[in-house]
Amino acid sequence: MRGFIYASLTILIWGVTFVNTRALLNQFSSLEIQVLRFALAYVVLWAIHPRRARLPWREEGLFVLLGLTGVAVYQLMENCAIHYTNASNVSILVALNPAITAILARLVNGERRLSPLFLVGFLVAITGVVMVSLNGVSAFHFRPVGDLMALAAMLSWGFYSILVSRVNQLSLSPVVVIRRTFFWALALTLPLVLFGLTPVGGEVMEGSFKVTLDLAANQARFSSALNFVNLGFLGCLASAACFVWWNKSCKILGVVRCTVGLYLIPAITVVFAYLFLGERLTAVSAAGAVLTVVGVLISGWRR
(Lines give C-alpha, C1' and ligand atoms only; values in the text may rest on other atoms or scores of the structure.)
Protein backbone atom coordinates (compact mmCIF):
# COMPACT_ATOMS: atom_id res chain seq x y z
CA MET A 1 0.00 0.00 0.00
CA ARG A 2 2.87 2.37 0.80
CA GLY A 3 4.36 1.76 -2.65
CA PHE A 4 1.02 2.46 -4.35
CA ILE A 5 0.62 5.69 -2.36
CA TYR A 6 4.09 6.93 -3.37
CA ALA A 7 3.47 6.05 -7.03
CA SER A 8 -0.04 7.57 -7.08
CA LEU A 9 1.09 10.88 -5.57
CA THR A 10 4.00 11.07 -8.00
CA ILE A 11 1.88 10.41 -11.07
CA LEU A 12 -0.78 12.89 -9.95
CA ILE A 13 1.78 15.67 -9.39
CA TRP A 14 3.65 14.94 -12.64
CA GLY A 15 0.34 15.18 -14.49
CA VAL A 16 -0.17 18.70 -13.09
CA THR A 17 3.32 19.98 -13.99
CA PHE A 18 2.13 20.76 -17.54
CA VAL A 19 -0.03 23.57 -16.14
CA ASN A 20 2.84 25.09 -14.12
CA THR A 21 5.31 24.83 -16.99
CA ARG A 22 2.88 26.43 -19.46
CA ALA A 23 2.45 29.40 -17.11
CA LEU A 24 6.21 29.84 -16.62
CA LEU A 25 6.95 29.65 -20.36
CA ASN A 26 5.43 33.13 -20.70
CA GLN A 27 8.54 34.60 -19.02
CA PHE A 28 11.16 31.82 -18.88
CA SER A 29 12.75 29.63 -21.53
CA SER A 30 12.46 25.84 -21.37
CA LEU A 31 16.12 25.51 -20.36
CA GLU A 32 15.79 28.14 -17.62
CA ILE A 33 12.79 26.33 -16.15
CA GLN A 34 14.65 23.02 -16.22
CA VAL A 35 17.76 24.44 -14.50
CA LEU A 36 15.84 26.47 -11.88
CA ARG A 37 13.56 23.53 -11.12
CA PHE A 38 16.32 21.02 -10.43
CA ALA A 39 18.65 23.52 -8.75
CA LEU A 40 15.87 24.31 -6.27
CA ALA A 41 15.22 20.60 -5.77
CA TYR A 42 18.94 20.02 -5.12
CA VAL A 43 18.98 22.71 -2.40
CA VAL A 44 15.79 21.32 -0.82
CA LEU A 45 17.23 17.80 -0.68
CA TRP A 46 20.38 19.12 1.04
CA ALA A 47 18.18 20.86 3.62
CA ILE A 48 16.24 17.63 4.22
CA HIS A 49 19.29 15.38 4.47
CA PRO A 50 22.49 17.43 5.03
CA ARG A 51 24.76 14.41 5.51
CA ARG A 52 27.17 13.36 2.76
CA ALA A 53 27.49 9.83 1.39
CA ARG A 54 30.88 8.62 0.20
CA LEU A 55 30.84 6.22 -2.71
CA PRO A 56 33.58 4.59 -4.81
CA TRP A 57 34.10 6.13 -8.24
CA ARG A 58 32.67 3.10 -10.01
CA GLU A 59 29.35 3.80 -8.27
CA GLU A 60 29.63 7.49 -9.17
CA GLY A 61 29.32 6.52 -12.81
CA LEU A 62 25.88 5.12 -12.04
CA PHE A 63 24.74 8.51 -10.73
CA VAL A 64 26.16 10.24 -13.80
CA LEU A 65 24.01 7.97 -15.97
CA LEU A 66 20.97 8.61 -13.76
CA GLY A 67 21.40 12.38 -14.12
CA LEU A 68 21.94 12.05 -17.86
CA THR A 69 19.01 9.76 -18.68
CA GLY A 70 16.38 10.75 -16.11
CA VAL A 71 16.84 14.53 -16.13
CA ALA A 72 19.24 16.05 -18.66
CA VAL A 73 18.28 14.06 -21.79
CA TYR A 74 14.69 13.18 -20.90
CA GLN A 75 13.59 16.70 -19.95
CA LEU A 76 15.48 18.32 -22.82
CA MET A 77 14.21 15.91 -25.50
CA GLU A 78 10.62 16.16 -24.30
CA ASN A 79 10.71 19.98 -24.23
CA CYS A 80 12.42 20.21 -27.61
CA ALA A 81 10.02 17.72 -29.21
CA ILE A 82 7.09 20.09 -28.69
CA HIS A 83 8.77 22.67 -30.97
CA TYR A 84 8.88 20.23 -33.89
CA THR A 85 5.65 18.30 -33.37
CA ASN A 86 2.40 18.80 -31.49
CA ALA A 87 1.74 17.98 -27.85
CA SER A 88 -0.59 15.10 -28.70
CA ASN A 89 2.15 13.31 -30.64
CA VAL A 90 4.53 13.72 -27.71
CA SER A 91 1.96 12.39 -25.22
CA ILE A 92 1.20 9.34 -27.34
CA LEU A 93 4.83 8.45 -28.04
CA VAL A 94 6.02 8.98 -24.47
CA ALA A 95 3.09 6.84 -23.27
CA LEU A 96 4.79 3.87 -24.93
CA ASN A 97 7.34 4.07 -22.11
CA PRO A 98 5.82 1.41 -19.82
CA ALA A 99 5.98 -1.25 -22.53
CA ILE A 100 9.54 -0.26 -23.51
CA THR A 101 10.62 -0.23 -19.85
CA ALA A 102 9.13 -3.69 -19.34
CA ILE A 103 11.04 -5.00 -22.37
CA LEU A 104 14.29 -3.38 -21.18
CA ALA A 105 13.76 -4.81 -17.68
CA ARG A 106 13.35 -8.23 -19.24
CA LEU A 107 16.49 -7.88 -21.38
CA VAL A 108 18.79 -6.08 -18.93
CA ASN A 109 17.64 -7.25 -15.50
CA GLY A 110 16.29 -10.65 -16.47
CA GLU A 111 12.87 -9.90 -14.99
CA ARG A 112 10.04 -12.33 -15.68
CA ARG A 113 8.37 -12.34 -19.07
CA LEU A 114 5.43 -10.06 -19.76
CA SER A 115 2.11 -11.56 -18.77
CA PRO A 116 -0.85 -11.68 -21.19
CA LEU A 117 -2.74 -9.33 -18.85
CA PHE A 118 0.10 -6.80 -19.05
CA LEU A 119 -0.04 -6.85 -22.85
CA VAL A 120 -3.86 -6.58 -22.93
CA GLY A 121 -3.70 -3.71 -20.44
CA PHE A 122 -1.05 -2.01 -22.58
CA LEU A 123 -3.30 -2.14 -25.66
CA VAL A 124 -6.31 -0.81 -23.73
CA ALA A 125 -4.31 1.95 -22.01
CA ILE A 126 -2.48 3.10 -25.13
CA THR A 127 -5.84 3.32 -26.94
CA GLY A 128 -7.06 5.55 -24.12
CA VAL A 129 -3.91 7.67 -24.27
CA VAL A 130 -4.38 8.19 -28.02
CA MET A 131 -8.00 9.29 -27.45
CA VAL A 132 -6.97 11.67 -24.66
CA SER A 133 -3.99 13.12 -26.51
CA LEU A 134 -5.77 13.73 -29.82
CA ASN A 135 -8.68 15.27 -27.85
CA GLY A 136 -11.07 15.38 -30.80
CA VAL A 137 -8.46 15.76 -33.56
CA SER A 138 -9.26 13.36 -36.37
CA ALA A 139 -5.81 11.90 -37.08
CA PHE A 140 -2.26 11.37 -35.89
CA HIS A 141 0.21 13.22 -38.13
CA PHE A 142 3.76 11.90 -38.11
CA ARG A 143 6.41 14.66 -37.85
CA PRO A 144 9.82 12.95 -38.04
CA VAL A 145 12.11 15.34 -36.13
CA GLY A 146 9.84 16.06 -33.17
CA ASP A 147 8.48 12.53 -32.97
CA LEU A 148 11.97 11.05 -32.94
CA MET A 149 12.87 13.43 -30.09
CA ALA A 150 9.82 12.20 -28.16
CA LEU A 151 10.91 8.62 -28.77
CA ALA A 152 14.41 9.51 -27.54
CA ALA A 153 12.87 10.94 -24.36
CA MET A 154 10.88 7.74 -23.89
CA LEU A 155 13.92 5.51 -24.31
CA SER A 156 15.96 7.72 -22.00
CA TRP A 157 13.38 7.38 -19.21
CA GLY A 158 13.25 3.64 -19.83
CA PHE A 159 16.99 3.34 -19.21
CA TYR A 160 16.64 5.61 -16.16
CA SER A 161 14.04 3.25 -14.73
CA ILE A 162 16.38 0.28 -15.18
CA LEU A 163 19.21 2.20 -13.51
CA VAL A 164 16.90 3.02 -10.58
CA SER A 165 16.46 -0.68 -9.93
CA ARG A 166 20.25 -1.04 -9.89
CA VAL A 167 20.86 1.86 -7.52
CA ASN A 168 18.13 0.63 -5.16
CA GLN A 169 20.34 -2.41 -4.51
CA LEU A 170 22.98 -0.15 -2.89
CA SER A 171 20.79 0.39 0.21
CA LEU A 172 21.34 4.15 0.15
CA SER A 173 18.91 6.81 1.32
CA PRO A 174 16.60 7.74 -1.59
CA VAL A 175 17.21 11.41 -0.74
CA VAL A 176 20.97 10.93 -1.17
CA VAL A 177 20.43 9.06 -4.44
CA ILE A 178 18.21 11.74 -6.00
CA ARG A 179 20.39 14.57 -4.69
CA ARG A 180 23.46 13.05 -6.36
CA THR A 181 21.42 12.46 -9.52
CA PHE A 182 20.35 16.11 -9.67
CA PHE A 183 23.93 17.27 -9.10
CA TRP A 184 25.13 15.42 -12.18
CA ALA A 185 22.08 16.50 -14.17
CA LEU A 186 22.88 20.16 -13.47
CA ALA A 187 26.56 19.63 -14.24
CA LEU A 188 25.71 18.00 -17.58
CA THR A 189 23.30 20.83 -18.42
CA LEU A 190 25.90 23.56 -17.77
CA PRO A 191 27.28 23.56 -21.37
CA LEU A 192 23.75 24.24 -22.64
CA VAL A 193 23.42 27.15 -20.19
CA LEU A 194 26.65 28.67 -21.54
CA PHE A 195 25.36 28.11 -25.06
CA GLY A 196 22.09 29.83 -24.14
CA LEU A 197 24.00 32.96 -23.09
CA THR A 198 25.31 33.44 -26.64
CA PRO A 199 23.31 35.28 -29.33
CA VAL A 200 23.05 32.09 -31.42
CA GLY A 201 21.96 29.98 -28.45
CA GLY A 202 19.31 32.53 -27.54
CA GLU A 203 17.62 32.15 -30.92
CA VAL A 204 17.73 28.37 -31.37
CA MET A 205 14.30 26.69 -31.34
CA GLU A 206 12.40 29.91 -30.72
CA GLY A 207 14.50 30.77 -27.67
CA SER A 208 14.13 27.42 -25.86
CA PHE A 209 17.78 27.59 -24.75
CA LYS A 210 17.88 31.32 -24.04
CA VAL A 211 19.36 32.30 -20.66
CA THR A 212 18.71 35.89 -19.53
CA LEU A 213 21.09 37.75 -17.20
CA ASP A 214 19.47 41.16 -17.73
CA LEU A 215 18.92 42.65 -14.26
CA ALA A 216 15.67 44.47 -15.03
CA ALA A 217 14.10 41.45 -16.76
CA ASN A 218 15.07 39.11 -13.93
CA GLN A 219 13.83 41.53 -11.29
CA ALA A 220 10.44 41.68 -13.01
CA ARG A 221 9.94 37.94 -13.45
CA PHE A 222 11.38 36.89 -10.09
CA SER A 223 9.23 39.42 -8.23
CA SER A 224 6.06 37.65 -9.40
CA ALA A 225 4.43 35.60 -6.63
CA LEU A 226 2.82 33.31 -9.22
CA ASN A 227 6.22 32.48 -10.71
CA PHE A 228 7.52 31.61 -7.24
CA VAL A 229 4.54 29.32 -6.63
CA ASN A 230 5.00 27.54 -9.96
CA LEU A 231 8.76 27.16 -9.55
CA GLY A 232 8.28 26.02 -5.97
CA PHE A 233 5.77 23.40 -7.08
CA LEU A 234 8.09 22.12 -9.82
CA GLY A 235 11.22 22.18 -7.65
CA CYS A 236 9.97 21.09 -4.23
CA LEU A 237 7.14 18.71 -5.14
CA ALA A 238 7.51 17.57 -8.76
CA SER A 239 11.30 17.16 -8.53
CA ALA A 240 12.59 16.81 -4.95
CA ALA A 241 9.64 14.90 -3.47
CA CYS A 242 8.39 13.01 -6.53
CA PHE A 243 11.74 11.63 -7.65
CA VAL A 244 12.37 10.33 -4.11
CA TRP A 245 8.86 8.84 -3.95
CA TRP A 246 9.32 7.28 -7.39
CA ASN A 247 12.52 5.55 -6.30
CA LYS A 248 10.79 4.26 -3.16
CA SER A 249 7.79 2.97 -5.09
CA CYS A 250 10.06 1.28 -7.66
CA LYS A 251 11.91 -0.44 -4.83
CA ILE A 252 8.68 -1.66 -3.20
CA LEU A 253 6.58 -2.55 -6.26
CA GLY A 254 9.18 -3.07 -8.96
CA VAL A 255 10.05 -0.84 -11.90
CA VAL A 256 7.60 -2.37 -14.39
CA ARG A 257 4.52 -2.12 -12.13
CA CYS A 258 5.31 1.51 -11.26
CA THR A 259 5.96 2.55 -14.82
CA VAL A 260 2.53 1.29 -15.90
CA GLY A 261 1.05 4.19 -13.93
CA LEU A 262 2.66 6.66 -16.33
CA TYR A 263 -0.17 5.92 -18.75
CA LEU A 264 -2.35 8.08 -16.49
CA ILE A 265 -0.31 11.29 -16.88
CA PRO A 266 -1.93 12.46 -20.17
CA ALA A 267 -5.40 11.91 -18.66
CA ILE A 268 -4.50 13.89 -15.53
CA THR A 269 -2.96 16.64 -17.66
CA VAL A 270 -6.08 17.01 -19.80
CA VAL A 271 -8.31 17.36 -16.73
CA PHE A 272 -6.13 20.00 -15.06
CA ALA A 273 -5.61 21.87 -18.34
CA TYR A 274 -9.41 22.03 -18.64
CA LEU A 275 -9.80 23.27 -15.05
CA PHE A 276 -6.97 25.83 -14.93
CA LEU A 277 -6.07 26.74 -18.54
CA GLY A 278 -9.53 26.64 -20.06
CA GLU A 279 -8.57 24.05 -22.68
CA ARG A 280 -11.39 22.01 -24.16
CA LEU A 281 -12.41 18.62 -22.81
CA THR A 282 -14.23 16.54 -25.41
CA ALA A 283 -16.30 13.40 -24.93
CA VAL A 284 -13.58 11.46 -26.77
CA SER A 285 -10.84 12.57 -24.36
CA ALA A 286 -13.07 11.86 -21.34
CA ALA A 287 -13.77 8.35 -22.62
CA GLY A 288 -10.05 7.93 -23.30
CA ALA A 289 -9.24 8.86 -19.71
CA VAL A 290 -11.60 6.15 -18.44
CA LEU A 291 -10.13 3.63 -20.88
CA THR A 292 -6.61 4.52 -19.72
CA VAL A 293 -7.53 3.82 -16.09
CA VAL A 294 -9.04 0.47 -17.09
CA GLY A 295 -5.85 -0.42 -18.98
CA VAL A 296 -3.69 0.42 -15.98
CA LEU A 297 -5.84 -1.75 -13.72
CA ILE A 298 -5.59 -4.67 -16.17
CA SER A 299 -1.81 -4.32 -16.56
CA GLY A 300 -1.22 -4.19 -12.81
CA TRP A 301 -3.65 -6.96 -11.90
CA ARG A 302 -2.36 -9.59 -9.49
CA ARG A 303 -4.38 -12.52 -8.16
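Side-chain contact between T69 and L155 is absent, with no heavy-atom pair separated by less than 4.5 Å. Side-chain atoms of L65 and F159, non-hydrogen and from C-beta on, never get closer than 4.5 Å to each other. The shortest distance between side-chain heavy atoms of L24 and F233 does not fall below 4.5 Å. The shortest side-chain heavy-atom distance between V71 and T189 does not fall under the 4.5 Å cut-off. Put simply, the side chain of P191 does not reach to within 4.5 Å of the side chain of F195, judged on heavy atoms. In this structure, the side chains of K248 and R2 stay at 4.5 Å or more apart for every pair of heavy atoms. Put simply, the side chain of Y160 does not reach to within 4.5 Å of the side chain of Y74, judged on heavy atoms.
Hydrophobic clustering of Ile, Leu, Val, Met, Phe, Trp and Tyr side chains at less than 4.5 Å, counting indirect connections, keeps F63 apart from V43. Taken together through direct or relayed side-chain contacts under 4.5 Å among Ile, Leu, Val, Met, Phe, Trp and Tyr, F228 and L40 form parts of separate hydrophobic clusters. With hydrophobic clusters built from ILVMFWY side chains whose heavy atoms lie under 4.5 angstrom apart, V229 does not share a cluster with V44.
A salt bridge links R180 to E60: at least one charged side-chain nitrogen sits closer than 4.0 Å to a carboxylate oxygen.
The aromatic rings of Y6 and W245 sit parallel to each other, their planes meeting at less than 30°, with 60° as the upper class boundary.
Side-chain N or O atoms of S208 include one that pairs as donor or acceptor with a backbone N or O of M205 at under 3.5 Å.
Considering every non-hydrogen atom in both V35 and L186, the closest pair reads O-CD2, 3.8 Å. Closest approach of K210 and S29 over heavy atoms only: O-OG, 2.6 Å.
Side chains of E78 and W157: no donor on one and acceptor on the other come within 3.5 Å.
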* To do: Please report the C-alpha distance between F38 and W184 in whole Å, then the side-chain angles of each, then the deciding distance to 0.1 Å, and finally whether the ring-ring contact (aromatic ring centres under 6.0 Å, His included) criterion is met.
  => CA-CA 11 Å; F38 290 101; W184 283 111; over 10 Å; no

* E32 vs R221, salt bridge (Lys or Arg N to Asp or Glu O under 4.0 Å): CA-CA, chis, key distance, verdict -> CA-CA 12 Å; E32 286 176 324; R221 58 184 184 171; 2.9 Å; yes

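The CG atom of L197 lies 5.0 Å from the CG atom of L213; values are rounded to the nearest 0.5 Å. Rounding to the nearest 0.5 angstrom, the gap separating the CZ atom in F222 from the CG atom in N227 is 8.0 Å.
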